[in-house]
Every structure is written in C-alpha cells, then in structure tokens.
K.L.:
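Before anything else, here's the structure in question.
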Amino acid sequence: MLQVSYIRDNREQVLERLAVKNFKQTDLVDEVIKLDDNRRQTQNRLDNVSAEANAAAKQVGELMRSGKKEEAEVIKAKSGSWKEEIKQLGDELSQIEAELQQKIVLLPNLPHSSVPKGITPEENEVILENGEKPNLPEGALPHWELAAKYNLIDFELGVKITGAGFPVYKGKGAKLQRALIAFFLDEAEKAGYDERMLPLLVNEASGFGTGQLPDKEGQMYYVGVDNLYLIPTAEVPITNLYRDVILKADELPVMNCGYTPCFRREAGSYGAHVRGLNRLHQFDKVEIVQVVNPETSYDVLEQMSLHVQSLLQKLGLPYRVLRLCGGDMGFTSALTYDMETYSAAQGRWLEVSSVSNFETFQSNRLKLRFRNAEGKTQLPHTLNGSALALPRIVATLLENNQTAEGIKIPEALVPYTKFEWIN
RNA sequence: GGAGAGGUGUCUGAGUGGUCGAAAGAGCACGCCUGGAAAGUGUGUAUACAUCACAAGUGUAUCGAGGGUUCGAAUCCCUCCCUCUCCGCCA
C-alpha cells in the first residue's frame, strides 16, 4: 500500500510511475488525495469538538467535587449537543477512512526507475544468461515421461486422491524432493538466513499484510469454516511474523528463510504448457525474506539475486535472469528479477525464482517499522525471493541430465540424495 | 467441544467511574559516582493522526477488538477474539 502522504507530495511522479506499470485507473490518485483532504478536515473538526467536550467533562468533575452541583448541571445540560456532533463526525470520519482505504489498496506499488516499460512477458529484459544448454541424446524425453519411466512421480495417483496438480512423489523422486529442500535450506543458512518453520494456513490479516488480499483472493485456497487461507508462498507467514512490530535499528537486516509447501488455485490454466511439473496446485519451495534499511535495499536485492544464481550454478543448470517490465510485474513489487532455467527437452525457459524488492509497500500494510538513527519510527523495505521453487528445478534437472545410463544427480546434491544416479 | 479464570506500556504488576496515557518495580538509554566495573544515584523511556518546518508545543484517539450506558470509562453492560486451568477428544 502506498503512503497517502507520498501520493500527496508526489502526485505527478506517482502518475508517471503508474504509467510504467501500465496501470489504467489513474483517477484513483486524485480520488485518494481528495478523500485525504476530507479526512483531515473532518478529523480536525472532530478533534476540536472532542477537546471541548473533554474540558467540560473535567469541569463537571471539579464542580461536583467542590459541591457546586447546580453549576455542574448547567454544563451537563449543554453536553447533549456535542455528544451528537461527536458521534456524527466520528461516523463521517470512519466512513471517509474506509473509502480511502478501499481506494488506496487498489493502487499497485510504484516501479523502480530501472523497470522497463512494457506490457507482456516478451518485453521483459534479459540481463544475464549463464551456463551451457545441454545437447541431449537422441530420443530425449520430457520430464513427465522420465518421471514415469523411472517411477519418480505419479500424477494419476494424485488425481485420484485429490485432483489434477497434486502429484505423488515416489521412491527416488520423493528423496530428490527432500534432498533439494535440505540443500536449499542449508545454502540459505550459509548465506546468513535464519530458518523458520511456519503455519501453512494464515488468517485474513496476514493475507492482507503481504498484499495477496484483496488483490489475489481467487488465487488462494480458502478454508471457510475457520476463515483461513492456505499459503500460496512462505512469503506470507514469514513476512507477517513482523506485522505490527517496531524493530530496533540493530535488528536490521532481518534475514529469514523457510521451507513450505505452497498452494495455488491457478484457476483456468490447462494445456501443454502446464503439463507435468510445469504448473501445480501444490508444490514445495524454500523462500528467503529480508527486512532492511531502505538505504540498502537495492544492494540487498542484488545480493539475493546472486544467492539464487549460486544455487542454479551449483546444480549445474543453465539459467537466465530477467528484469520484469512494468506490465508483467506483481502488484506489490517495485523491482523484480525472475530466474529461469532452460528445460532442454521442452525447449523452453521455465521460471524457477522471482526476487523482488517491495520497498515500503508491504511494511506500510503490515505496520512494520524500525527505529532509525534519529530514534523515529520509519518503514523499512521488505524483499523476498524463491530459493528455490522445486517442481521446475526437478523438471529441468531430469531433462537436462538424462543420459543413456539414466539421470545423473548433480554433484552438489549427492550428499543429500545419497545416490548418484536415477536408473 | 464443556466448565472456570483472565487479557493494562519492553516485561512484572497496581488501578472498579473524574485529578489515568495510566502507580510501583524491572529492563533499556543517557549522565553522575569509579582506575574500570558492580552497587548507588539523577534524568528520560508508547503509537498513530491533526496543527506544524516530518522541530518544540498543543489537540485527539488508543489499557485484546467492536458496540453501549454516562457530563465523564482501563474501570459498568453487551458481542466477538485470544490466553490460561480443569474435563473430554487426540498425533
């Protein structure tokens, strides 16, 4: 959520930035400013009347104590009028505040100055490509066929017990999942992240705090009887750990990581591109999150990007890094890098990580603050990234490492799988 | 799920209608004391909004959340949420 004060002071710039994100409802900006004017005025009037009423009440108290009952009664008699006014202004104020809130949450975060203008994913900027695309042997298979051939994943069983998009991992397939999770967590810990193991269901306030609600309501599984949402990413519970918190300056940067399954409804996506592990309703992911001083956040973003890249390098996967264009960026992000690995048998790039700086967009919603050098509360910047999401890593790993003898496990992973080959 | 108790500032904890944004202690910060430290001692120590120079000052709101009674509520009433204890169920 953008800060109203920022919108007021930087109206032109806000409009300009929103254009980069290809945001159309620009009327909202002026509506927000107007509502805020209204809010201030109303609050001012309410404060003044309340002050009068408070003073009078105090006077009544004093008069009563000194036994001047009649004088007290005179003031009491007058009280009815402000009482009504206070009630009326209070109602008015909360209505204005609700309306303001309703509008301001519709405004997406402003993109960083380096974000390219653009609408479609094709307009994302490739800023780096690394690693060799493998030359696959004759008759190389896509991962879903490899998964069947080596009995690693059973998609049909998942359909039986739950539905499409909920695979069952078996044998070495299951061990590979476990190995990747442990590997990613260990690497995150080495990079300085402190692990958390988190609830998989969150309440509405948490969904709002990180920006999934109300924007992406339909993307989350919802448990109505208890009014809880299944997390679409560990970002939600981890970042919300710091909701309503004022951090001390020396507590920054906060660095947390966590493994969780992630649940996404992905309504209406079917077809060849979502075959196999390409898009699932439930998948595993290790997430890294930082809460940092605004001055350092863009350096931290680079550092997080490098961490993700180091994982891909250690796994020996060819990858590229994209700087997302305004139109393809998430609602809450100011700058996002996507990491994609090359899936050789499918002949396409698959997104395996997304690293973003949210600046103060989330901290403002979360009421997450820190005490700065002057001892004042200030909104920190929040960042997060997948490090990494498993399914597409598994997909490229299987496809790119297939040989006539079987699938070769990357060396870095062998200590975790305790086997070198899937055959 | 049933019965009971309770939710106050960083923490412990007082406060049952007015002088309470809230005693006291601890913690923390800064200072004095000390060769240094401990002890001792002094001062300070919530957040948000408004006014305003995002200063000082002032006003308003906030004692789990929301509503009500009252001239006036942390204190009384109602609803909800949460925590604890006992019972039930259970990995």
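Reminder, nothing fancy here: chain letters follow the sequence lines and each chain counts from 1.
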K.L.:
For A/K58 and A/N44, take the nucleotide of RNA chain B holding the closest heavy atom to each; which residue's nucleotide lies nearer the 5' end?
P.N.:
A/K58

K.L.:
Among B/G72, B/A55, B/G18, which is the nearest nucleotide to the side chain of A/V60?
P.N.:
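In terms of side-chain proximity for A/V60, the closest of B/G72, B/A55, B/G18 is B/G18.
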
K.L.:
A/E97 CD to B/A61 P: how many Å, rounded?
P.N.:
14 Å

K.L.:
Take the protein atom CG of A/L366 and the nucleotide atom P of B/A48, then report the distance between them rounded to whole Å.
P.N.:
15 Å

K.L.:
Out of A/Q378, A/Q3, A/M1, A/R365, which one pairs with A/T360 under the side chain to side chain contact (heavy atoms under 4.5 Å, CB included) rule?
P.N.:
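For A/T360, the side chain to side chain contact (heavy atoms under 4.5 Å, CB included) check succeeds only for A/Q3.
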
K.L.:
I'd like to know whether NZ of A/K170 has more than 12 heavy-atom contacts from other residues, nucleotides or ligands below 6.0 angstrom.
P.N.:
yes

K.L.:
From the options B/A55, B/U60, B/U47, select the nucleotide whose nearest atom is closest to the side chain of A/T377.
P.N.:
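Selected nucleotide: B/U47.
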
K.L.:
Verify the distance criterion only: is there a donor paired with an acceptor across the side chains of A/D338 and A/S354 at less than 3.5 Å?
P.N.:
yes

K.L.:
Going by atom types alone, do A/D284 and A/Y169 pair a side-chain donor with an acceptor below 3.5 Å?
P.N.:
no

K.L.:
Would you kindly give the CG-to-P distance between A/D244 and B/C81, to the nearest whole Å?
P.N.:
20 Å

K.L.:
Rounded to the Å, how far apart are A/L247 CG and B/U47 P?
P.N.:
14 Å

K.L.:
Please report, rounded to the nearest Å, how far the P atom of B/U69 is from the CD atom of A/E84.
P.N.:
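To the nearest whole Å, that distance equals 12 Å.
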
K.L.:
Choosing from B/C54, B/U70, B/A61, which nucleotide comes nearest the side chain of A/S50?
P.N.:
B/A61

K.L.:
Choosing from B/U51, B/A48, B/U60, which nucleotide comes nearest the side chain of A/R40?
P.N.:
B/U51

K.L.:
Need one value for A/L46: base, sugar-phosphate or nothing, where a base atom within 4.0 Å counts as base even if backbone is also close, heavy atoms only.
P.N.:
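Contact class for A/L46: none.
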
K.L.:
Under a 4.0 Å heavy-atom cut-off, which of residues 29-38 of chain A touch RNA chain B?
P.N.:
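Residues of residues 29-38 of chain A under 4.0 Å from RNA chain B: none.
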
K.L.:
Between B/G68, B/U60, B/C71, spot the one nearest the side chain of A/K87, thanks.
P.N.:
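Out of B/G68, B/U60, B/C71, the nucleotide with an atom closest to A/K87's side chain is B/G68.
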
K.L.:
Can you check the A/N54 CG to B/A73 P distance for me, whole Å?
P.N.:
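Computing the A/N54:CG to B/A73:P distance gives 8 Å.
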
K.L.:
Does NZ belonging to A/K408 count more than 12 external heavy atoms closer than 6.0 Å?
P.N.:
yes

K.L.:
Under 4.0 Å between a side-chain nitrogen and a carboxylate oxygen: does that hold for A/E187 and A/K190?
P.N.:
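Salt bridge present between A/E187 and A/K190.
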
K.L.:
Whole Å only: how far is the CG atom of A/N48 from the P atom of B/A50?
P.N.:
14 Å

K.L.:
Select one nucleotide: of B/U47, B/C71, B/U19, the one nearest the side-chain heavy atoms of A/I246.
P.N.:
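Among the listed nucleotides, the one closest to the side chain of A/I246 is B/U47.
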
K.L.:
Verify the neighbour count for atom CD of A/E123: are there more than 12 heavy atoms of other residues, nucleotides or ligands below 6.0 Å?
P.N.:
yes

K.L.:
May I have the distance from A/I86 (atom CD1) to B/G72 (atom P), rounded to whole angstrom?
P.N.:
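About 8 Å, once rounded to whole Å.
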
K.L.:
Does CD in A/Q101 sit with more than 12 non-hydrogen atoms of other residues, nucleotides or ligands closer than 6.0 Å?
P.N.:
yes

K.L.:
Looking at A/E302, I want to see if its CD is surrounded by more than 12 non-hydrogen atoms of other residues, nucleotides or ligands under 6.0 Å.
P.N.:
yes

K.L.:
Is A/R265 reaching over with its side chain to a backbone N or O of A/Y221, donor-acceptor style, under 3.5 angstrom?
P.N.:
no

K.L.:
Using Watson-Crick and G-U wobble pairs with both distances under 3.5 Å, what is the 5'-to-3' dot-bracket string of RNA chain B, with [ ] for crossing pairs and | for pairs outside the strand?
P.N.:
((((((((.[[[..)..(.....]]]((((((.......))))))((((((.....)))))).[[[[[..)....]]]]])))))))....

